[in-house]
Amino acid sequence: MPLLLGATPARAADGPPQDAQALAKAFGARVGISAMSMSPNGRLVAFLVPWGVGQQVMVANLVEGGAPRAVLASDKADEHIMACTWPTDERLFCRFSIYSANVGTPVRFARMVALDANGGHVGIVSERQSSRAMGFDYHGGAVIDWNGAKPGQVLMTRAFVPEMTTGTHLAQTDEGLGVESVDVVSLQRRTVEHGRADAGGYITDGLGHVRLMEQLAVNSTGYDTGRSVWLYRKVGASGWQSLARNDASDGIGLRGFVPEAVDPTLDAVYGFDDGGAGHIALYRIKLDGSLARERVLGRSDVDVDELLTIGRNHRVVGVSYATEKRVVEFFDPALKALAAALHKALPGQPQISFEDASADESRLLLLAGGDTDPGTYYVFDKATRHLEKVLSVRPELDGLPLAPMKPITYPAADGTMIPAYLTLPVGSTGKGLPAIVMPHGGPSARDEWGFDWLVQFYAARGYAVLQPNYRGSSGFGADWQSKNGFQSWPKAIGDIDDAGRWLLSQGIAAPGKIAIVGWSYGGYAALQSGVVDPGLFKAIVAIAPVTDLARLRDNAQNYTNGAIVDQQIGHGDYIKAGSPAQNAAAITVPVMLFHGDVDLNVPVDQSRLMAERLRNAGKAVDYAEFKGLDHQLDSADARSQMLANSDAFLRKALSIAP
């Protein structure tokens with residue numbers, strides 16, 4: 001039975017939007033449906049919808065249908081509901097992320113709340129701190145196993161904070177991360193693993209037993225070094241034994257085994273490791289004391305980087321990796337056959353993921369989409385073999401023609417072939433177009449084939465868009481990632497600039513009508529390209545960009561990952577040469593900047609500094625700052641404004657008709 005979501009904005013009766021403002025509003029809209037989860041009996045789902053500047057939690061009955069019911073809401077810009085999950089058929093656990101600058105240094109912390117499926121009986125799951133607490137719990141706890149000490153309980157992590165003991169014998173003395181079994185109704189808790197100051201995380205077997213613990217290494221000043229040791233327990237044992245070491249101290253890549261999930265039937269743990277071969281692969285290690293190690297799947301061209309699990313016990317069912325498109329390899333034969341059948345049933349939505357399942361896995365929650373489809377949730381019933389549509393992820397775009405994304409390669413100056421994605425406007429010849437090079441953020445990230453709201457907006461406005469996976473991107477092995485896009489910025493920026501030259505050489509970009517647009521590191525790359533190759537791109541749009549490497553590195557010293565960021569960015573002459581704000585005078589084309597003023601990823605002073613330096617150098621710059629928004633600019637008004645204004649800016653700079 002279909003669901004009715006009356007709160008979702010409807011498409012106007014006169015068809016898809018055509019003008020710039022209408023397109024900006026449609027593509028700038030926040031994701032309409034997100035973080036959907038299924039109750040253990042498979043009858044109910046919970047999901048998030050936008051509500052003002054915040055979110056509402058909706059609960060819908062998949063069996064009876066009808067209008068979903070709002071059960072929880074937050075309308076605060078500094079408070080985000082991250083997701084809700086089902087410990088039982090009657091209860092929800094919802095996790096919040098909260099921004100605060102009350103302690104001087106801006107931070108985000110998390111809290112968990114519980115409520116009935118009808119919205120009643122609300123309680124705080126995260127342990128309340130007393131006035132005697134000698135610190136602050138930023139963690140708030142997370143469910144790591146839906147099976148606790150007994151039915152109706154779950155296993156949750158807890159950051160224990162010691163209390164002053166003066167005048168009391170009841171003070172909390174544990175310190176660090178531990179594990180508790182929490183009753184989902186009464187919220188009473190019992191300690192399963194005492195807090196440890198060096199604990200970084202725990203992994204269970206999905207059956208209520210803690211089997212792995214990460215032991216962190218910190219330096220003498222309390223900074224996280226990025227190094228850790230993973231410990232494990234044999235079945236039924238209480239003591240810990242060494243499993244593996246890993247090292248991410250340089251903030252660049254993975255070295256060593258990182259566990260992901262325990263398979264209790266095999267008594268083994270799955271995890272990822274580069275194995276010294278330069279590409280990350282999936283491994284399996286026995287937890288019976290032998291530590292027998294098996295390479296399950298690896299490739300010589302790309303990293304194998306995503307473990308697939310399903311159901312409440314996080315049963316391991318497969319692995320995935322991205323070549324030109326993301327590929328899934330299932331270990332479970334039945335799920336492999338089902339996925340093949342679903343691909344035939346949904347030919348226009350080739351990206352299919354299993355998002356959740358009922359406790360017995362008889363009902364599966366799917367999300368299907370593709371480059372020209374933002375995605376739709378479906379429920380598949382194994383007994384009846386019935387596939388039913390639930391809700392579209394972005395209803396504002398329903399019926400709007402979207403542009404296909406094509407994997408391509410182009411040559412860098414040294415002959416290296418750079419993988420990229422090219423999106424051409426619907427109905428265009430692909431020649432003589434205004435064009436945009438759009439480098440991704442990170443830099444330790446990569447673009448993948450699929451729907452991208454930013455790319456699709458510009459394509460809808462007539463631009464060709466090229467997204468290069470420049471050297472410095474992750475996913476292609478250690479050699480490709482090099483020292484990363486900060487320390488090896490000349491190579492990364494060179495590859496990005498070569499993307500622009502390729503568009504021109506192929507006749508895709510009309511002469512003089514090519515720009516560069518980027519977010520985060522992509523914004524940095526956009527600005528730095530204007531420094532090292534002035535005039536190649538005729539306009540620059542940078543969203544939440546890094547502009548001064550030394551300032552970014554120094555700002556991180558206020559946080560526990562300061563030592564890692566220091567290693568990631570490093571020190572040397574390349575810092576000044578690679579900082580656009582220190583070389584603003586070299587930029588010869590107009591610049592547009594956007595930034596949120598509570599951005600914890602890239603502080604807003606990075607854009608403020610860039611705007612100031614450009615103005616002082618007599619350069620053309622437009623700067624828009626959004627109050628109360630973070631790195632993602634997760635606001636329909638802000639995103640719509642950003643899209644409309646950047647489009648108008650580019651059209652003026654490139655001499656394109658409005």
Side-chain angles (χ1 to χ4, degrees), residues 35 37-41 44-46 48 55-59 69-74 76 79-98 100 108-133 135-163 168 170-196 199 201-202 204 206-210 312-314 356 359:
S37 61
M38 177 178 278
S39 64
N41 61 14
L44 304 176
V45 289
L48 303 182
Q55 305 89 15
Q56 275 187 327
V57 179
M58 310 294 289
V59 171
R69 176 178 179 177
V71 298
L72 186 67
S74 170
K76 300 177 180 178
E79 181 179 277
H80 293 278
I81 305 174
M82 301 165 68
C84 296
T85 45
W86 298 85
T88 67
D89 293 320
E90 297 80 25
R91 294 285 274 172
L92 277 169
F93 275 15
C94 298
R95 189 169 171 84
F96 283 70
S97 172
I98 303 164
S100 175
R108 279 201 173 274
F109 61 93
R111 290 294 180 263
M112 184 89 74
V113 302
L115 65 154
D116 289 343
N118 63 7
H121 193 192
V122 179
I124 304 296
V125 182
S126 302
E127 181 69 3
R128 297 179 184 272
Q129 290 185 252
S130 77
S131 59
R132 298 191 306 274
F136 188 77
D137 171 18
Y138 295 98
H139 183 264
V143 175
I144 58 172
D145 201 311
W146 298 107
N147 298 286
K150 61 181 181 180
Q153 296 189 0
V154 298
L155 292 185
M156 288 186 62
T157 54
R158 175 183 169 187
F160 288 89
V161 178
E163 300 172 348
T168 180
L170 302 177
Q172 154 64 31
T173 57
D174 274 9
E175 180 177 7
L177 198 66
V179 179
E180 296 179 319
S181 183
V182 179
D183 187 284
V184 302
V185 177
S186 69
L187 303 183
Q188 292 182 334
R189 53 214 316 125
R190 182 178 70 83
T191 300
V192 174
E193 300 286 341
H194 286 281
R196 292 182 49 150
Y202 297 87
T204 75
L207 302 176
H209 309 112
V210 179
R312 298 173 62 75
N313 296 335
H314 300 293
D356 207 349

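Residues take their numbers from the sequence shown, with the count starting at 1. These figures come from a predicted structure and were not determined experimentally.
- Listed here is the closest heavy atom pair of Tyr202 and Gly178: OH-CA, 3.8 Å.
- Applying side-chain contact (heavy atoms from CB on, under 4.5 Å) to Asn147 and the options Val154, Asn313, Leu155 leaves one that passes, Asn313.
- In this structure, the separation between NE2 on His139 and CG on Leu177 is 5.5 Å, given to the nearest 0.5 Å.
- Taking each heavy atom of Arg189 and Val125 in turn, the nearest pair found is NH1-O, 2.8 Å.
- No side-chain heavy atom of Val185 sits under 4.5 Å from any side-chain heavy atom of Thr88.
- Counting only heavy atoms from C-beta outward, the side chains of Pro87 and Val143 never approach each other to under 4.5 Å.
- Minimum interatomic distance between Gln153 and Asp183 (heavy atoms only, all atoms of both residues): CG-CA, 3.7 Å.
- Under the 4.5 Å side-chain criterion, counting only non-hydrogen atoms from C-beta, Val59 is in contact with Leu92.
- A donor-acceptor pair under 3.5 Å is formed between the side chain of Asp145 and the backbone N or O of Leu207.
- Taking CE of Met82 as the start and CZ of Arg111 as the end, the distance is 12.5 Å to the nearest 0.5 Å.
- Looking at residues two or more places apart in sequence or on another chain, you find a side-chain contact (heavy atoms from CB on, under 4.5 Å) between Arg190 and Ala149, Val192.
- A distance-only check finds a donor-acceptor pair linking the side chain of Thr157 to the backbone of Ala142 [under 3.5 Å].
- To the nearest 0.5 Å, the span separating CE on Met112 from SG on Cys84 amounts to 9.5 Å.
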Test side-chain contact (heavy atoms from CB on, under 4.5 Å) applied to Val113 and Leu72, step by step: CA-CA 10 Å; Val113 302; Leu72 186 67; 4.0 Å; yes
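- A salt bridge links Asp116 with Arg91: the distance from a Lys NZ or Arg NE/NH1/NH2 to an Asp or Glu carboxylate oxygen falls below 4.0 Å.
- If you take SG on Cys94 and CG on Leu48, they are separated by 7.5 Å, rounding to the nearest 0.5 Å.
- Scanning both residues, Ser39 and Asn41, for their nearest heavy atoms gives OG-OD1, 2.7 Å.
- Of the inter-residue distances, the one linking Ser181 atom OG with Met156 atom CE reads 10.5 Å to the nearest 0.5 angstrom.
- Between Leu187 and Ala114, the closest heavy-atom pair is CD2-CB, 4.1 Å.
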Pair Arg95-Ile81, side-chain contact (heavy atoms from CB on, under 4.5 Å): steps then yes or no: CA-CA 6 Å; Arg95 189 169 171 84; Ile81 305 174; over 6 Å; no
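- Between Arg312 and Trp86, the shortest heavy-atom distance links the atoms NH1-O, 2.6 Å.
- Atom CD of Glu193 sits about 11.0 Å away from atom OG1 of Thr204, to the nearest 0.5 Å.
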